[in-house]
Student: 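Mind having a look at this structure? Questions to follow.
When a ligand or atom number is given, it counts from 1 through the structure's own listing order. Only this structure's heavy atoms are used, side chains among them; waters, hydrogens and symmetry mates stay out.
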Amino acid sequence: MEEAVFNDYPPQLSPEQQDYLVTATKDWAIQNGLAVRPSPAILPANADPNRVLATNAPVTLFPSPFPRACFEEAQALQTVYNQLYAAITCNEEWLGSIIKDLIDVDDFVANLWKTHLAVKQEGYVQNLSLGLYRSDYMAHVTPNRAPSLKQVEFNTISSSFGGLSALVRSLHAELLATPLSYPPHPLLKSGTPPDNTTVETLSGGLAEAHKAYGPSKSLPDLPLCVLFIVQDGERNVFDQLALSKRLTGFHKIPVFRVKSNQILDQTSVPTANPARPLIYHPPHSPESAFEVTTVYLRAYYSPDEYTSSRDWEARRHLERSAAVKCPSVLNQLAGCKKIQQVLAEPAGPDHLTSFLNGVDPAIIARLRETFAPQYDLSAGGQGRDLALNPETAMKHVLKPQREGGGNNIYKAEIPDFLRAMPESDWKGWVLMELINPAANAENVALRNDGEVLRGNVISELGVYGTVLWENTGKIIHNDQGGWLLRTKGKEVNEGGVAAGFSSLDSVLLY
Ligand code: ADP
Ligand code: MG
Ligand code: MG
């Protein structure tokens with residue numbers, strides 16, 4: 001793309017034009033469910049005691065330019081990534097050998113592993129696992145070269161914003177098709193964001209698991225359902241409802257929502273039935289019962305959600321049941337940042353080739369190309385030097401084994417942060433080279449409190465995939481489809497929409 005075109009994007013807005021776009025976006029968002037519940041910071045509890053209000057999700061007013069080649073490469077690799085993470089999850093020995101080092105220093109990982117071991121000892125009764133994944137990338141810019149696709153991270157649990165990302169795409173497409181929504185600009189004339197089938201893909205994965213579960217294992221037979229396990233006070237509820245609406249409306253599968261702190265009250269596993277079906281007892285209809293085919297976790301990915309041993313008991317209760325878990329404990333652990341660092345190691349065993357048995361080596365090489373350099377922090381290792389030297393630390397991010405945003409340490413803060421921690425704990429963290437996304441683009445964000453921000457931005461692309469497999473390694477269903485663009489101010493280190501750093505966006509491919 002011509003530099004000049006890029007630099008003038010998006011076009012300047014007069015106060016009247018901005019007002020028009022903001023009003024159109026706010027109204028479209030509520031009309032179409034591109035919405036979130038407001039945070040207490042925006043709306044104190046006493047201003048909405050019955051919790052009836054919603055506001056627009058944070059969105060950009062314009063779609064952002066994104067290199068077509070990177071976008072297409074991310075889609076092309078997704079089913080291979082799905083296969084990779086299914087294979088890792090099936091290899092308990094390999095996974096365990098890496099998790100072993102984390103267990104000493106990370107209670108959360110240790111408790112997840114313990115949960116797996118307890119169920120393993122009793123014997124798993126479900127050999128199917130379901131993954132709903134999101135692989136996140138940035139378009140990495142190096143001088144005099146076309147941008148290349150680099151992975152930020154791979155998510156194996158609670159991969160969110162599938163529902164809302166499809167809506168942002170529709171919002172921008174509709175604005176583009178409406179005369180005078182935007183001031184004229186060549187880029188805005190040249191196209192529309194590509195289709196976004198995330199809702200179909202993710203609900204399609206859940207439907208496959210539901211079908212593969214087979215008939216009721218209860219006596220007498222019970223009707224079957226899918227269960228969404230959600231956080232108490234979840235603000236991103238409309239994103240989740242986009243998936244359950246599709247499951248009930250299109251796939252004709254009943255879906256119920258259970259808060260993680262009510263799992264043990266609202267579900268049971270009958271002791272007399274060795275098949276261990278998970279039974280859901282709807283509190284709003286005490287005489288009814290459903291058998292759960294698939295447990296979809298939109299909770300329990302972060303240690304602060306396990307407030308007592310009761311939460312760990314609930315997690316184990318789900319894990320030992322016959323329901324297909326999305327994800328299983330092992331699949332959640334496969335998503336640890338540490339695993340991503342080990343996969344990216346340039347020397348040593350070729351893990352990718354072992355896990356991707358039968359995949360064309362040329363495809364494996366392309367997948368490897370998406371890795372940014374990552375290091376452990378072992379004594380005498382390169383990672384330690386890079387992290388402790390203030391100059392090289394500036395080019396890196398330090399990551400713990402956590403999800404959901406807000407957990408990383410960046411650049412200049414890395415050396416002191418590490419030095420303040422006992423050296424024996426360093427192995428719980430990985431050091432990753434910062435990806436360098438194009439930062440000359442601008443956009444305008446409408447935050448969920450109505451604030452409008454304009455400035456230089458960087459964007460992160462997420463690509464969704466779903467895979468269903470047997471623990472023997474046999475893959476039953478492997479699909480990709482749908483994407484997410486999150487855009488944040490250039491100077492912001494962290495990402496994440498729910499964490500308050502980014503806005504939902506869509507792409508104009510160039
Ligand atoms: P989480 O699982 O908490 O989302 P991430 O690895 O995605 O953790 O890191 C959070 C955010 O930090 C990302 O959304 C991105 O904005 C930023 N980030 C992480 N790794 C990198 C990297 N290598 N280069 C640039 N930014 C990064
Ligand atoms: Mg993550
Ligand atoms: Mg992330």
Student: Which ligand 1 atoms does Lys399 reach within 4.0 Å, using its non-hydrogen atoms?
Tutor: 6 (O), 19 (C), 20 (N)
Student: Is there a heavy atom of Val152 sitting under 4.0 angstrom from any atom of ligand 1?
Tutor: yes
Student: Please determine whether any non-hydrogen atom of Tyr410 lies less than 4.0 Å from an atom of ligand 1.
Tutor: yes
Student: One residue to check: Lys150. Relative to ligand 1, which of side chain, backbone, both or neither has a non-hydrogen atom less than 4.0 Å away?
Tutor: neither
Student: One residue to check: Asn408. Relative to ligand 1, which of side chain, backbone, both or neither has a non-hydrogen atom less than 4.0 Å away?
Tutor: side chain
Student: Tyr124 and His116: aromatic ring centres closer than 6.0 Å?
Tutor: yes
Student: For Glu460 and ligand 1, does the shortest N/O to N/O distance drop below 3.5 Å?
Tutor: yes
Student: Non-hydrogen atoms of Lys337 versus ligand 1: any pair closer than 4.0 Å?
Tutor: yes
Student: Can you confirm whether or not the ring centre of Trp312 sits under 6.0 Å from the ring centre of Tyr300?
Tutor: no
Student: Under 4.0 Å, heavy atoms only, figure out whether ligand 1 is touched by the backbone of Phe154, its side chain, both or neither.
Tutor: neither
Student: Are the ring centres of Phe108 and Tyr306 closer than 6.0 Å?
Tutor: yes
Student: Among Lys120, Lys114, Arg315, Arg316, find the one that has a side-chain contact (heavy atoms from CB on, under 4.5 Å) with Val329.
Tutor: Arg315
Student: Apply salt bridge (Lys or Arg N to Asp or Glu O under 4.0 Å) to residues Lys150 and Asp136 and explain how you reach the verdict.
Tutor: CA-CA 8 Å; Lys150 291 292 174 196; Asp136 291 335; over 6 Å; no
Student: Considering distance alone, does some N or O of Gly406 sit under 3.5 Å from an N or O of ligand 1?
Tutor: no
Student: Would you say Asn493 touches ligand 1, if touching means a heavy atom closer than 4.0 Å?
Tutor: yes
Student: The Mg ion (ligand 3) is nearest to which N, O or S atom of Glu153?
Tutor: OE2
Student: What part of Arg486 sits under 4.0 Å from ligand 1 if we count only heavy atoms: the side chain, the backbone, both or neither?
Tutor: neither
Student: So does Asp136 have any N/O/S atom less than 2.8 Å away from the Mg ion (ligand 2)?
Tutor: no
Student: Among all protein heavy atoms, pick out the one at the shortest distance from atom 23 (N) of ligand 1; state its residue, atom name and that distance to 0.1 Å.
Tutor: Glu433 O, 2.9 Å
Student: Taking the ring centre of each residue, are His477 and Trp469 less than 6.0 Å apart?
Tutor: no
Student: Would you mind telling me if ligand 1 is within reach of the side chain of Glu403, the backbone, both or neither, using heavy atoms under 4.0 Å?
Tutor: both
Student: To make sure I understand the geometry: which N, O or S atom in Glu403 is closest to the Mg ion (ligand 2)?
Tutor: OE1
Student: Just going by heavy-atom distances, which of Gln401, Arg402, Glu153 is nearest to atom 7 (O) of ligand 1?
Tutor: Glu153
Student: Report yes if the distance between the aromatic ring centroids of Phe71 and Trp483 is under 6.0 Å, otherwise no.
Tutor: yes
Student: Indicate, as side chain, backbone, both or neither, the part of Leu434 found under 4.0 angstrom from ligand 1 when only non-hydrogen atoms are considered.
Tutor: both
Student: Could you tell me if the ring centre of Tyr81 sits under 6.0 Å from that of Phe154?
Tutor: yes
Student: For ligand 1, is there an atom lying under 4.0 Å from some heavy atom of Ala372?
Tutor: no
Student: If the cut-off is 2.8 Å, does any N/O/S atom of Glu460 fall short of it from the Mg ion (ligand 3)?
Tutor: no
